[in-house]
Amino acid sequence: MFKLPILTSRTFSSSQLIVLTAVFITLFANMAFFSNVAQVYPLSLKNGIFLASLGGVSILSQVFLYSLLCHRLTIRPVLVFFLLLSSLTGYFMDQYGVVIDDVMIDNIVKTDPAEVQDLLNMKLASYVLFLGVLPSFVVLSLKLNFDSEKRELISRFKLVFMSFVVLLVTTLPLSAQYASFLREHKPLRYYFNPGYTVYSAAKFIAPTLQNPSLPFKEIGKNAKIPKTDINRELVIMVVGATARADHFSLNGYKRQTNPLLAREKIINFPDFWACDTSTAASLPCMFSKQTRKQFDRRLANSTDNLLDVLSRAGVNVLWRDNNSSSKGVADRVAYESFKSPKTNPVCDIECRDVGMLATLQGYIDKKSNGDIFIVLHQLGNHGPAYYERYPQAFRKFTPTCDTNELSACSSKELINSYDNAILYTDYFLSQVIKLLKQNENSFETVMFYASDHGESLGENGVYLHGLPYFIAPDAQKHVPAVMWFGKSSDSERLKNIETKRLTRLSHDNIFSTVLGLFEINTDVYDSKLDILDPAKEE
Ligand SMILES: [Zn+2]
């Protein structure tokens with residue numbers, strides 16, 4: 001049988017191995033934690049001692065956790081698991097400034113292989129190798145000495161007790177720092193590795209364990225299109241990905257990133273805000289009747305959303321997806337994936353968003369009755385491999401960052417790649433409008449575009465998205481949103497739009513605005529949230 005070489009002839013007790021692992025993870029996989037703490041507590045002798053004391057808390061909390069899980073048979077796999085987990089978490093926190101909370105775990109669970117592939121690079125490999133694999137190798141190969149179960153238990157108990165005492169004695173003089181750490185600087189604890197990941201995983205799993213299946217709730221059961229509405233509506237909702245408002249020239253960005261949209265009669269919403277900072281949370285929220293403040297993902301997933309209400313009212317609903325999935329939103333309506341060349345005719349290094357339009361006219365022609373609502377879920381600006389999000393022809397801003405290892409690029413290169421991807425979205429939206437124009441004689445046509453969330457591009461060392469809402473920078477929350485109306489659309493609805501479009505709006509407005517576009521009568525419609533409600537005066 002394969003046997004690992006023994007690294008040293010010394011024999012270790014299980015308690016020693018637990019402490020060594022905790023010290024290693026604290027020292028090497030908690031860089032993000034300590035650098036964030038150091039930013040809040042400027043360097044001084046007292047703060048230096050506080051930082052060291054936090055290191056002690058980190059070690060103690062890990063010793064406590066591992067002591068609960070480690071027994072004769074489990075000690076090696078448990079420690080290996082936490083070493084690997086911490087190396088991964090450490091990488092994403094150090095490199096991208098993200099934190100692993102329950103929403104992020106939800107995103108990870110719902111990710112697909114292409115998204116994972118986007119994240120793989122040498123730097124990640126070296127993190128995992130040096131902070132995960134090599135120390136795991138040591139854990140697996142060290143000689144371990146086990147006492148009887150009872151003695152092990154006593155020694156473990158002693159270990160936890162002693163560390164508590166030591167910690168208490170050393171932290172008491174620092175109570176002022178601890179008070180502010182716990183009360184005023186709550187976000188710092190998000191960077192505690194692997195403690196916060198374990199907490200988040202528990203928070204993610206707990207509701208499912210407590211109540212595995214929420215009963216499904218139907219809403220808007222009375223939804224109906226009035227008989228007086230004889231015109232057919234064709235609405236295409238484009239769910240953008242990872243586009244931030246301040247990189248749209250329509251919103252005043254110094255670069256021309258919307259050359260094609262600028263030629264159309266666009267209604268731009270410069271003050272539009274996302275419901276959350278990640279796809280898995282934003283998508284269900286965008287299509288839910290719940291507003292951001294009320295939003296509960298589990299409840300939303302087991303309640304009818306906008307698509308369900310539309311489809312009950314008789315609207316033909318279709319979701320086409322070139323991103324990871326609809327995150328459960330389109331589970332009960334027609335859904336087509338465009339991630340593979342089998343369905344998407346426009347694929348080079350990856351399948352392009354415009355491919356979703358290829359057979360769309362055919363779909364529209366086949367529906368000889370009723371209104372049509374089509375959602376196109378873009379790959380858009382999904383990071384960190386922005387350079388893959390556009391064909392060569394859109395490589396207008398150069399030099400670009402042609403790697404997913406963001407630290408290997410200058411911020412200028414990174415932004416160039418990101419902006420080229422925005423340019424490609426501009427083209428995609430212009431193609432959507434082109435398709436709608438072809439249908440203007442048979443339909444009242446509308447395009448509604450809104451991004452799911454924004455993106456950090458290295459401001460204060462933060463990249464990507466997914467930070468908890470209240471600490472996330474505006475770059476992750478302020479999103480581009482535009483509407484386009486065909487010439488036969490109801491002009492009464494656009495009466496007050498010039499003043500309304502400038503007000504603060506958000507994903508909360510999507511549900512009732514779309515119901516309003518189809519003139520649907522239902523108790524779940526809220527005219528106050530309908531951006532186009534002609535009665536609403538600001
Ligand atoms: Zn997203």
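Results of the side-chain contact (heavy atoms from CB on, under 4.5 Å) test with L318 over V375, L360, I372 single out L360 as the only residue that passes. Checking N344, T343, T359 one by one against R320, the side-chain hydrogen bond (donor to acceptor under 3.5 Å, both in side chains) holds for a single residue, T359. The side-chain contact (heavy atoms from CB on, under 4.5 Å) test with Y191 is passed by exactly one of N36, D94, I100: N36. Of the candidates L250, D419, N420, T425, D419 is the only one forming a side-chain contact (heavy atoms from CB on, under 4.5 Å) with T257.
Ion pairing between R297 and D102 holds under the 4.0 Å rule for side-chain N and carboxylate O.
In this view, Y387 satisfies the ring-ring contact (aromatic ring centres under 6.0 Å, His included) rule with no residue, not counting sequence neighbours. In this view, R501 and E498 satisfy the salt bridge (Lys or Arg N to Asp or Glu O under 4.0 Å) rule, not counting sequence neighbours. With sequence neighbours excluded, the residues forming a side-chain contact (heavy atoms from CB on, under 4.5 Å) with D321 are W319, N323, S326, Y335, H377, listed by chain and number.
The aromatic ring centroids of Y127 and Y91 lie less than 6.0 Å from each other. Taking the six-membered ring for Trp and the full ring otherwise, Y196 and F192 have centroids separated by 6.0 Å or more.
Residue pairs satisfying the disulfide (SG to SG under 2.5 Å) criterion with at least one member in residues 396-451, sequence neighbours excluded, are listed as follows: C401-C409. Applying the ring-ring contact (aromatic ring centres under 6.0 Å, His included) rule to pairs touching residues 473-495 yields W273-H478, sequence neighbours excluded. Screening residues 364-374 for side chain to side chain donor-acceptor pair (under 3.5 Å) gives Q361-D365 as the qualifying pairs, with residues at least two apart or on separate chains.
More than 12 heavy atoms of other residues, nucleotides or ligands lie within 6.0 Å of OH in Y469, so this atom counts as buried by the packing criterion.
Of all heavy-atom pairs spanning S325 and L283, the tightest one is O-CD2, 3.8 Å.
Annotation: side chain of M93 is in contact with side chain of N193 (closest heavy-atom distance under 4.5 Å). Residues L357 and V432 are in side-chain contact: their nearest non-hydrogen atoms beyond the backbone lie under 4.5 Å apart. The shortest side-chain heavy-atom distance between N439 and N441 does not fall under the 4.5 Å cut-off.
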| task | Give the C-alpha distance, both sets of side-chain angles, the deciding distance and a yes or no for salt bridge (Lys or Arg N to Asp or Glu O under 4.0 Å) between D530 and R493. | result | CA-CA 10 Å; D530 181 351; R493 309 207 118 243; 3.7 Å; yes
